[in-house]
Amino acid sequence: MLFVTFIGVTSLRKCCFIYHDVNKELHNDFARIDTVMMDKFLVNKRKLESADDFDENHHTKKYKQEANDYEALSIKTLIIRPLKWRDLRAENLDCDYGILFSKVNADRILCQCERMLNYNEGQLAKVKIFGKWHDIPRKQVAHGDPGLSYTFSNNTVPARPWTPFLDDIRDAVSDVTGHSFNFVLINRYKNGCDHMGEHRDDEKDLVHGYPIASLSLGQPRDFIFKHADSRGKKAKRSIEPLKLLLEHGSLLLMKHPTNTYWYHALPQRKRLLGVRINMTFRQMVPASNSGNKTTKPKAELP
DNA sequence: GTGTCTAACCGGT
DNA sequence: AACCGGTTAGACA
Ligand SMILES: [Mn+2]
């Protein structure tokens, strides 16, 4: 018994050592870590993260930077040209998918995310569903124009102001999609256990017909579309779900009316160890003009 | 082939 | 857009 405990403590120490070591490099320069080291890190990362008393902030806080210390990467100039888009089509589903950044550049941007971004805590990180409050199984924060907020499951999340870093990314996403955005929702999935259940985005805050641009960084994850008519026991119809891998440095443009007819989800993938950060850029209806009924639908954009 | 174990899936709440 | 419990599918020995 004593022996087992001793081994346990020793391996945990080693585990922490590799974790700190690689974690430090991850927050400075991805390129300096080889794949063997990275694999060890990921396994140890999962061990630590699954512990009940794991405090993620403790490990990331010391690398955080002030928003104004952002050294502009000029992200727009990093986009791979010409960009190859893949068309995703199904009944009432219309999306474009493409890889915007090489691995090296996507690594850099992810690294900046880990340094620059802070996430909501406490009540803002909770939802009420079927009468019960839960912590959301991921980290989340929203940035946007003054006065905007995002509501889901009894939770209204106010947008924080734009930062130089997020402006840089927004500029790149606008450039590549031809659309402007006044809001971004950021979700951070620390490993394959973090996830998001199936849902449609609440459209009452969104400008009708406007596309949503979803930038993925880090751990590639499955993304599932399910048609509203083919869900549940009493499904009206049988429509195959669509599965899509959202890769490191990729952009998914969800165009109207995809979100009206199709649910989407980022399911658990327990064997995946890496962190994924997703940014969904949106065009929201200003609070003073909410209701969306009075908003004239925008002319269809290219 | 058969048993075991885990992750994934689905419906209920 | 959450968790839980029951069921199922696939990996491995
Ligand atoms: Mn969504």
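Nothing here was measured: the structure is a model prediction, and the numbers come from that model. Residue numbers begin at 1 in each chain, while the letters A, B, ... track the order of the sequences.
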Seminar exercise, completed: For K103(A), the salt bridge (Lys or Arg N to Asp or Glu O under 4.0 Å) test, sequence neighbours excluded, returns D107(A)
Exercise. Taking only residues at least two apart or on different chains, which pairs with a member in residues 95-136 of chain A satisfy ring-ring contact (aromatic ring centres under 6.0 Å, His included)?
Worked result: none
Exercise. Under the 6.0 Å and 45° cation-pi test, does R231(A) pair with Y263(A)?
Worked result: yes
Problem set entry | Where protein sits on nucleotides 6-12 of chain B, one letter per nucleotide: B base, S sugar-phosphate only, - none, heavy atoms under 4.0 Å | -SSSSSS
Exercise. For DNA chain B, which residues in residues 118-130 of chain A have a heavy atom at a distance below 4.0 Å?
Worked result: F130(A)
For this session: Just report the end-to-end axis angle for the helix from dT2(B)-dA13(C) to dT13(B)-dA2(C), five pairs per end, to 10 degrees.
Result: 10°
For this session: Take atom CG of D194(A) and atom P of dA2(C), then tell me their distance rounded to the nearest Å.
Result: 10 Å
For this session: State whether W162(A) and R170(A) meet the cation-pi test: NZ (Lys) or CZ (Arg) under 6.0 Å from the six-membered ring centroid, and within 45° of the perpendicular axis.
Result: yes
Seminar exercise, completed: In short, ring-ring contact (aromatic ring centres under 6.0 Å, His included) pairs touching residues 53-75 of chain A with sequence neighbours left out are Y19(A)-H59(A), H20(A)-H59(A), H27(A)-Y63(A), F54(A)-H59(A), Y70(A)-F165(A)
For this session: With sequence neighbours left out, write down each residue that passes salt bridge (Lys or Arg N to Asp or Glu O under 4.0 Å) with R108(A), or none if nothing qualifies.
Result: none
For this session: Sequence neighbours left out, what passes salt bridge (Lys or Arg N to Asp or Glu O under 4.0 Å) with K126(A)? Give chain and number order.
Result: D135(A)
Seminar exercise, completed: Whole-Å distance, L266(A) CG to dA1(C) P, equals 11 Å
Problem set entry | Non-neighbouring partners of D87(A) that pass side-chain contact (heavy atoms from CB on, under 4.5 Å), sequence neighbours left out | R89(A), D96(A)
Exercise. Does the pair L93(A) and K255(A) meet the rule for a side chain to side chain contact (heavy atoms under 4.5 Å, CB included), with working shown?
Worked result: CA-CA 8 Å; L93(A) 181 146; K255(A) 297 188 282 192; over 6 Å; no
N/O donor to acceptor pairs below 3.5 angstrom from side-chain atoms of residues 221-230 of chain A, sequence neighbours left out:
residue, atom, partner, partner atom, Å
R221(A), NH1, N191(A), O, 3.2
R221(A), NH1, D194(A), O, 3.3
R221(A), NH2, D194(A), O, 2.7
R221(A), NH2, P267(A), O, 2.9
D222(A), OD2, R269(A), NE, 3.0
D222(A), OD2, R269(A), NH2, 3.3
K226(A), NZ, E198(A), OE1, 3.3
H227(A), ND1, D229(A), N, 3.0
S230(A), OG, H227(A), O, 3.1
S230(A), OG, I239(A), O, 3.4

For this session: Dump the intermediate steps for side chain to side chain contact (heavy atoms under 4.5 Å, CB included) on L185(A) and M279(A), then the final yes or no.
Result: CA-CA 6 Å; L185(A) 182 68; M279(A) 300 187 181; over 6 Å; no
For this session: Ignoring backbone atoms, test whether H199(A) places a side-chain nitrogen or oxygen under 4.0 Å from the OP1 or OP2 oxygen of dA1(C).
Result: yes
For this session: Can you tell me the distance, in whole Å, between the CZ atom of R200(A) and the P atom of dA2(C)?
Result: 16 Å
For this session: Remember a base hit wins even if backbone is also touched, and classify H195(A) as base, sugar-phosphate or nothing at under 4.0 Å, heavy atoms.
Result: sugar-phosphate
Problem set entry | Atom NZ of K24(A): over 12 foreign heavy atoms under 6.0 Å | no
Seminar exercise, completed: Sorted by number, residues from residues 151-159 of chain A placing a heavy atom under 4.0 Å from DNA chain C are F152(A), S153(A)
Seminar exercise, completed: Hits for side chain to side chain donor-acceptor pair (under 3.5 Å) against T60(A), two or more places apart or cross-chain, chain-then-number order -> none
